[in-house]
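First up is the structure itself, then whatever we jot down about it.
No hydrogens, no waters, no symmetry mates; every other heavy atom, side chains included, goes into these values. Labels below follow one simple rule: chain letters A, B, ... track the order of the sequence lines, proteins then strands, and each chain is numbered from 1.
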2 protein chains.
Amino acid sequence: MTEPPDRAPSPHPGPQGAQVAFLLSQLGEHASQAFARRVAELDLTPAQAGLLRAVSLAPGQHQQELARRLGMSPSRFVAFIDAIEERGLVERRRNPKDRRFQDLYLAPKGEEAMRGLAEAALAHEEALCTGLDPQERIALAGLLRRIAEAQQLTAGVHPGYRRLNPRRDSV
Amino acid sequence: MTEPPDRAPSPHPGPQGAQVAFLLSQLGEHASQAFARRVAELDLTPAQAGLLRAVSLAPGQHQQELARRLGMSPSRFVAFIDAIEERGLVERRRNPKDRRFQDLYLAPKGEEAMRGLAEAALAHEEALCTGLDPQERIALAGLLRRIAEAQQLTAGVHPGYRRLNPRRDSV
DNA sequence: TATTGTTATACTCTATAACTATA
DNA sequence: TATAGTTATAGAGTATAACAATA
């Protein structure tokens, strides 16, 4: 019986008008935590999942390029990749044209992990949208995309990566 | 020139179907960061803002009660309150009926801070919803609330409090 | 000299376990 | 004995700066 932290107050002291901002913040955190729990079943952290996807989309990028995209410092990135490489998910290869670069490629086990991640993402989406019919889901996605555009968020860019270890949360 | 981390990959490897979950996670993080920047102008962290609101809504709660609601351990809560009390925002008072309890009350400066926070929350909501007309905002809030209910999230409960120091982010 | 990757160092944040004072 | 608050200690996470290899 892990007693859920009941009635935690909001960081947003919005009385009546402020609703969307708080709901977005609340649901976003909830969605992130739920996704973290899902990838944890694959023995992955969200950051690791993000790296695998980045390497999968564009194989052969070198480390600092990827580090910048994930928003982490090159020095942290080393240990981060060390763990992933030891598990046989990605492979470091010295770039023959310029031996200073370590290019990253997906290993067979990494391809397998990607399939698991795709499955997890679909299940995650479905679980989160429970209660909304297909039309409502499309309408919601449209409104959210409008906000994302107005806020000038790059499509597919998630700002919450720096954190390597997801928070375990009783909720 | 702080170069924004361009094209960071998503932690959610959703190809086509998975949209709402990622957008919620992305926008939620964005909203949280934007709010953190706003309260930072008042020299407050989101957690401090949350505490002030909690004390404002229910004055006289004792520390462990509030610590549990904010999702932090009693030991961390001590230093957390120390800083807030030193700034004259809240006041600790020994409960005369049971002197083990330290009850928390809003100090005059805390009331003043609450007014600033209310203003900040309204401006935050407005900035975030730029581009949506009033009808769309209501529709969006409705859909988000439906999801929150389906996910059994308590209204007004934000899970992202444990973190005391908000991430400063270039984005 | 400049840059990539790496390592080393110090610093912050957090969790856990003692300790005290009240009951 | 049990509980609220506090303090102390150790551990994890992070940032920054140095370093070696390559260009």
If you go through the side-chain atoms of B:Ser75, does one of them form a donor-acceptor pair with the base of C:dT14 closer than 3.5 Å?
no
Hey, does B:Gln102 reach any base, or is it just sugar-phosphate, or nothing, if we go heavy atoms under 4.0 Å?
sugar-phosphate
Roughly how many Å is it from CG in A:Asn95 to C1' in C:dT4, rounded to a whole number?
11 Å
d(CZ, A:Phe101; C1', D:dA23) in whole Å
9 Å
Ignoring backbone atoms, establish whether A:Gln64 has a side-chain N or O less than 4.0 Å from OP1 or OP2 of C:dT4.
yes
Find the distance between CG (B:Asn95) and CZ (B:Arg93) and round it off to the nearest 0.5 Å.
11.0 Å
Taking the side chain as C-beta and beyond, is there a heavy-atom pair between A:Leu44 and A:Arg87 under 4.5 Å?
yes
Check the phosphate of D:dT6 against B:Arg92, side-chain N and O only, distance under 4.0 Å to OP1 or OP2. Yes or no?
yes
Going from CD on A:Gln63 to CZ on A:Arg92, what distance comes out if it is rounded to the nearest 0.5 angstrom?
5.0 Å
By nearest heavy atom, map A:Ser73 and A:Pro96 onto DNA chain D; which one lands nearer the 5' end?
A:Ser73
What about A:Arg99, does its side chain sit under 3.5 Å from the base of D:dT22 through a donor-acceptor pair?
no
Check this for me: A:Glu119, atom CD, are more than 12 non-hydrogen atoms of other residues, nucleotides or ligands nearer than 6.0 Å?
no
In whole Å, what is the span from the CD atom of A:Gln63 to the C1' atom of D:dA21?
14 Å
To the nearest angstrom, the CD-C1' distance between A:Glu65 and C:dT4 comes to 12 Å
If we only count heavy atoms from C-beta on, is the A:Lys109 to A:Glu91 side-chain gap below 4.5 Å?
no
Rounded off to whole Å, could you give me the CZ-to-P distance for the A:Phe80 and D:dA12 pair?
19 Å
note: B:Asp98, atom CG; D:dA2, atom C1'; distance rounded to Å ~ 12 Å
Measure the distance from CZ on B:Arg68 to P on D:dG5 and round it to the nearest whole Å.
12 Å
Examine C:dT14: is either OP1 or OP2 under 4.0 Å from a nitrogen or oxygen in the side chain of B:Arg76? Give yes or no.
yes
Which of these nucleotides, D:dG5, C:dT6, C:dA23, is closest to any side-chain atom of B:Arg100?
C:dA23
Interatomic distance, B:Asp82 CG vs D:dT6 P [rounded to whole Å]
7 Å
